[in-house]
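Just so you know, these numbers come straight off a predicted model, no measurement behind them. Numbered from 1 within each chain, the chains take letters A, B, ... in sequence-line order.
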Amino acid sequence: MVNPANSSEKPKNFIERIIENDIASGNTPSGVITRFPPEPNGYLHIGHAKSITLNFTLAEKYNGTCHLRFDDTNPAKEELEYIESIKRDISWLGFSWQPHEYYASDYFGLIYDIAEKLIIEGKAYVDSLSAEEIRHYRGTLKEPGRESPDRDRSVDENLRLFREMRDGKHHDGTYVLRAKIDMKSPNLNMRDPTLFRIKKIDHHRTGATWSIYPMYDFTHPLSDAVEHVTHSICTLEFEDHRPLYDWVVENSGLESVPHQYEFSRLNLNYTVMSKRLLLQLVKDGHVAGWDDPRMPTLSGMRRRGYSPEAIRNFVELTGVAKTVGTVDHALLDHCLREDLNLRAKRLMAVLDPVTVIIDNYPDDTVEWFDAENNPEDSSAGTRKIPFSREILIEREDFMEDPPKKYFRLAPGREIRLKHAYYITCTHIVKHNNQILEIHCTYDPESRGGSSPDERKVRGTSHWVSAKHAVDCEIRLYDRLFSAEVPGEKTGNFLDDINPDSIKVIAGCKAENSIISVQPGEYLQFMRTGYFCLDAVDSTPELPVFNRTLPLRDSWEKLKKKMGIS
RNA sequence: UGGCCGAUAGUGUAAUGGUAGCACAGCAGAUUCUGGUUCUGCUUGUGAGGGUUCAAAUCCUUCUCGGCCAGCCA
């Protein structure tokens with residue numbers, strides 16, 4: 001065993017080991033080639049980010065290339081919009097496939113030719129069984145299948161019928177082309193799988209050229225072979241397909257011999273990660289679209305304020321293995337905070353304002369304080385923030401009758417206003433039990449946030465100058481589902497939608513410098529959380545901010561422990 | 001009683017016959033002009049039985065548990 005003390009190298013995952021073995025044994029004379037093969041039938045989600053990151057970083061690590069290939073063999077489900085969103089998301093993550101952008105549909109002609117070759121070699125046949133009959137003939141998990149009556153159709157007849165299928169002479173469902181493998185195989189994928197089916201619909205790229213389309217199991221290995229992919233990495237549910245993958249490659253007559261390897265897909269608790277369910281959320285209006293900030297889609301996360309670096313780091317941390325498991329969402333949160341803490345520009349915004357009047361501060365004076373933009377990064381510089389007699393603080397930063405360990409403002413207490421002065425509460429004005437004004441005095445000696453006598457103040461509040469504050473709307477997001485595994489109890493994932501997954505807060509007040517914030521900037525509203533300008537719904541009159549993630553809040557924890565609501 | 005795959009702290013992932021580590025979460029404390037950050041310490045694990053071996057998470061064996069597969073989806 002290696003001494004861990006002097007080997008700081010990152011441990012290799014099983015795919016890296018395979019690749020290194022292949023390189024060492026000379027199996028990759030033209031270099032390592034991987035591919036990311038999305039079907040353009042939906043938006044990419046964080047699960048895809050794992051596959052994307054794996055394939056692109058593997059290629060990079062071993063001086064190879066990673067192809068982007070759209071697996072567009074089912075025109076009934078695929079759309080141009082999805083192709084565009086997929087490319088946008090991969091680029092946003094920071095990966096480039098240039099110039100290797102391919103489409104399975106580019107190979108339709110070649111795939112067709114290989115099908116004819118298989119027919120001629122007696123390895124494929126045209127079957128006139130209906131879909132339902134094929135299902136019956138296939139047998140079950142425990143019982144072998146039976147051979148189709150058409151299995152021994154002559155080569156000439158097969159060829160004639162297949163060409164008629166191609167030429168649109170038959171209706172959908174009347175015939176399929178099947179591989180002749182083994183109806184008794186314990187692996188159902190090998191029981192004469194369908195290679196081509198008739199679909200008389202236009203394809204988003206090939207138009208009306210084809211009335212037959214190849215199946216995934218036929219298309220994928222051939223596409224890999226054509227592109228000289230060496231390591232075709234997919235998720236665990238394709239393990240059973242590998243023998244078929246190998247059969248197709250072996251019988252294709254193509255030189256290149258790609259190999260398929262499977263790893264376990266990313267599962268995250270408190271969310272769903274299937275395109276079908278995500279599509280349902282969108283179509284049924286449970287969310288505002290594929291890019292709703294609550295969606296685990298990359299476009300949703302981008303709009304929410306996630307950084308691509310945080311996502312990449314997260315998927316790297318989850319590792320590559322074959323164990324089926326579920327990653328705790330807390331790890332994602334951690335990666336996000338870790339990244340945003342270093343880069344987010346600090347600003348002050350008050351979500352639930354209450355007025356503070358500083359009685360001994362002159363009414364006509366405005367002071368401009370220097371505030372650091374990011375304590376983690378001095379190169380981020382400073383900005384000026386205005387201070388005046390009437391300011392706004394967070395309503396929850398004041399308590400008339402505070403419990404133990406409450407360090408914020410209360411009658412007779414002194415706190416610091418971040419970057420400004422120490423203030424002490426003298427009295428409050430209430431109406432109908434609602435606090436209207438908190439009256440304070442300030443200590444002129446504490447200018448800038450510290451006093452010459454170096455006395456300690458336990459609390460520091462964020463604030464905005466009332467007459468300089470800018471109105472904004474703030475949207476607080478929480479997890480979309482309140483159950484770790486949505487739908488586990490009732491069988492319907494919609495039952496677990498979190499009713500409080502979005503809270504829209506109007507009447508928020510932010511320091512005036514937010515007017516220059518651009519979409520895509522990472523922000524921290526001090527003591528509150530990470531935010532970003534909503535790129536869709538913001539207007540010049542009313543900026544809208546999405547809360548990406550709240551800050552860790554140990555006071556919240558303490559309150560729970562002490563039984564304070 | 002079909003086939004394939006898997007099983008290491010609460011979660012994820014290392015250790016490939018030689019001291020069971022790491023990260024997150026949790027707990028306790030320190031620091032702090034953000035109850036943030038940072039720092040320190042702590043708790044917690046090889047599914048079960050049998051075997052091989054000086055030595056087993058690792059090899060063999062039996063069992064248990066979990067995942068995937070019966071689309072003309074990918």
Side-chain angles (χ1 to χ4, degrees), chain A residues 1-2 4 10-13 17 37-39 41 71 73-74 76-78 127 129-131 134-136 138-145 172-178 185-191 194-199 212-213 215-217 219-220 234-243 262 264 266 269 275-276 317-335 337-338 341-342 346 348 372 375-376 405-408 416-420 422 446 448-450 457-462 524-529 550-559:
Chain A
M1 210 188 251
V2 194
K10 225 178 105 193
K12 292 178 176 32
N13 64 54
R17 277 191 256 257
E39 183 188 15
N41 68 342
D71 228 324
T73 57
N74 186 357
K77 290 185 176 175
E78 296 151 8
D127 200 341
L129 251 31
S130 69
I134 287 185
R135 178 154 38 86
H136 286 306
R138 184 153 35 225
T140 69
L141 294 176
K142 294 184 180 179
E143 291 157 20
D172 289 19
T174 50
Y175 293 107
V176 290
L177 183 75
R178 291 229 257 169
S185 170
N187 181 344
L188 303 229
N189 294 115
M190 300 299 272
R191 319 240 263 230
T194 302
L195 266 22
F196 265 94
R197 77 286 214 189
I198 301 171
K199 265 187 197 289
I212 55 173
Y213 293 94
M215 300 288 291
Y216 166 86
D217 279 318
T219 308
H220 207 87
C234 61
T235 44
L236 249 33
E237 66 269 27
F238 291 100
E239 272 179 317
D240 288 346
H241 295 243
R242 191 176 349 114
E262 310 87 13
S264 64
L266 174 69
N269 55 11
K275 279 201 258 186
R276 200 188 97 244
L317 249 32
T318 60
V320 179
K322 301 192 73 156
T323 332
V324 176
T326 302
V327 175
D328 195 332
H329 203 285
L331 183 64
L332 215 206
D333 293 347
H334 163 78
C335 292
R337 289 195 179 104
E338 181 180 277
N341 175 50
L342 296 179
R346 270 62 167 179
M348 293 199 283
E372 58 184 353
E376 307 291 331
K405 295 193 180 169
Y406 183 85
F407 304 142
R408 283 115 96 145
R416 170 170 35 238
L417 293 176
K418 182 78 184 171
H419 302 307
Y422 294 177
S446 65
S450 57
V457 283
R458 286 306 296 267
T460 299
S461 278
H462 58 283
Q524 182 194 110
F525 290 165
M526 295 203 81
R527 302 208 308 129
T528 304
L551 255 28
R552 266 212 189 78
D553 190 347
S554 57
W555 169 238
E556 218 25 72
K557 235 184 217 177
L558 233 194
K559 276 201 295 189

Check your understanding: Along nucleotides 34-40 of chain B, 5' to 3', which nucleotides get a B, which get an S, and which get a -, given that the test is a protein heavy-atom distance under 4.0 Å?
Key -> BBBS---

Study note, to complete from the structure: Protein heavy-atom contacts under 4.0 Å, written 5' to 3' over nucleotides 2-8 of chain B as B (base), S (sugar-phosphate only) or - (none), form the string BBSSSS-

Does [X] place a side-chain N or O at less than 4.0 Å from the phosphate oxygens OP1/OP2 of [N]?
X: R178(A); N: C72(B); value: no
X: K199(A); N: C73(B); value: yes
X: R138(A); N: C69(B); value: no
X: T326(A); N: G12(B); value: no

How would you label the contact of [X] with the nucleic acid (heavy atoms, under 4.0 Å): base, sugar-phosphate, or nothing?
X: G173(A); answer: base
X: H241(A); answer: base
X: H419(A); answer: base
X: L195(A); answer: nothing
X: V457(A); answer: nothing
X: A131(A); answer: base
X: T73(A); answer: sugar-phosphate

Exercise for review: Applying side-chain contact (heavy atoms from CB on, under 4.5 Å) between V176(A) and each of I134(A), L129(A), I198(A), report the one that passes.
Suggested key: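 So, applying the side-chain contact (heavy atoms from CB on, under 4.5 Å) to V176(A) and each of I134(A), L129(A), I198(A), only I134(A) qualifies.
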
With a 3.5 Å distance limit and no angle check, can you tell me whether [X] reaches the backbone of [Y] through a side-chain donor-acceptor pair?
X: R17(A); Y: K12(A); result: yes
X: S185(A); Y: N187(A); result: yes
X: R191(A); Y: R138(A); result: yes
X: S264(A); Y: T323(A); result: yes

Point to revise | Min side-chain heavy-atom separation F196(A)-Y175(A) under 4.5 Å | key: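 Not touching, per the 4.5 Å side-chain cut-off.
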
Tell me the interatomic distance from [X], atom [atom1], to [N], atom [atom2], rounded to whole angstroms.
X: D328(A); N: G26(B); atom1: CG; atom2: C1'; answer: 11 Å
X: E237(A); N: A70(B); atom1: CD; atom2: P; answer: 11 Å
X: Y213(A); N: A74(B); atom1: OH; atom2: P; answer: 12 Å
X: H334(A); N: C22(B); atom1: NE2; atom2: C1'; answer: 12 Å
X: N189(A); N: C73(B); atom1: CG; atom2: C1'; answer: 13 Å
X: E39(A); N: G71(B); atom1: CD; atom2: C1'; answer: 13 Å
X: E262(A); N: C69(B); atom1: CD; atom2: P; answer: 14 Å
X: D333(A); N: U11(B); atom1: CG; atom2: C1'; answer: 13 Å

Point to revise | Residue whose nearest RNA chain B nucleotide is more 5′ - K557(A) or K12(A) | key: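 Taking each residue's closest nucleotide, the earlier one in sequence belongs to K12(A).
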
Report the nucleotide, chosen from [options], that has the shortest atom-to-atom distance to any side-chain atom of [X].
X: A321(A); options: A14(B), A70(B), G71(B); value: A14(B)
X: F238(A); options: A74(B), C72(B), G12(B); value: A74(B)
X: L317(A); options: A74(B), A23(B), A70(B); value: A23(B)

Between atom [atom1] of [X] and atom [atom2] of [Y], what is the distance when rounded to the nearest 0.5 Å?
X: N341(A); Y: E376(A); atom1: CG; atom2: CD; result: 4.0 Å
X: R408(A); Y: S461(A); atom1: CZ; atom2: OG; result: 7.0 Å
X: T318(A); Y: D328(A); atom1: OG1; atom2: CG; result: 12.5 Å

Exercise for review: Go ahead and name the base partner of A9(B); Watson-Crick or wobble counts if both distances stay under 3.5 Å, otherwise write none.
Suggested key: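 Pairing partner: none.
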
Check your understanding: Is any NZ, NE, NH1 or NH2 atom of the basic residue among E39(A) and K275(A) found under 4.0 Å from an Asp or Glu carboxylate oxygen of the other?
Key ->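 K275(A) and E39(A): not salt-bridged.
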
**Study point:** Short N-O contact, R242(A) and E262(A), less than 4.0 angstrom
**Key:**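 Counted as a salt bridge, because a side-chain N and a carboxylate O are separated by less than 4.0 Å.
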
Check your understanding: Roughly how far apart, to the nearest Å, are G66(B) and U53(B) at atom P?
Key ->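 The answer is 35 Å between these two P atoms.
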
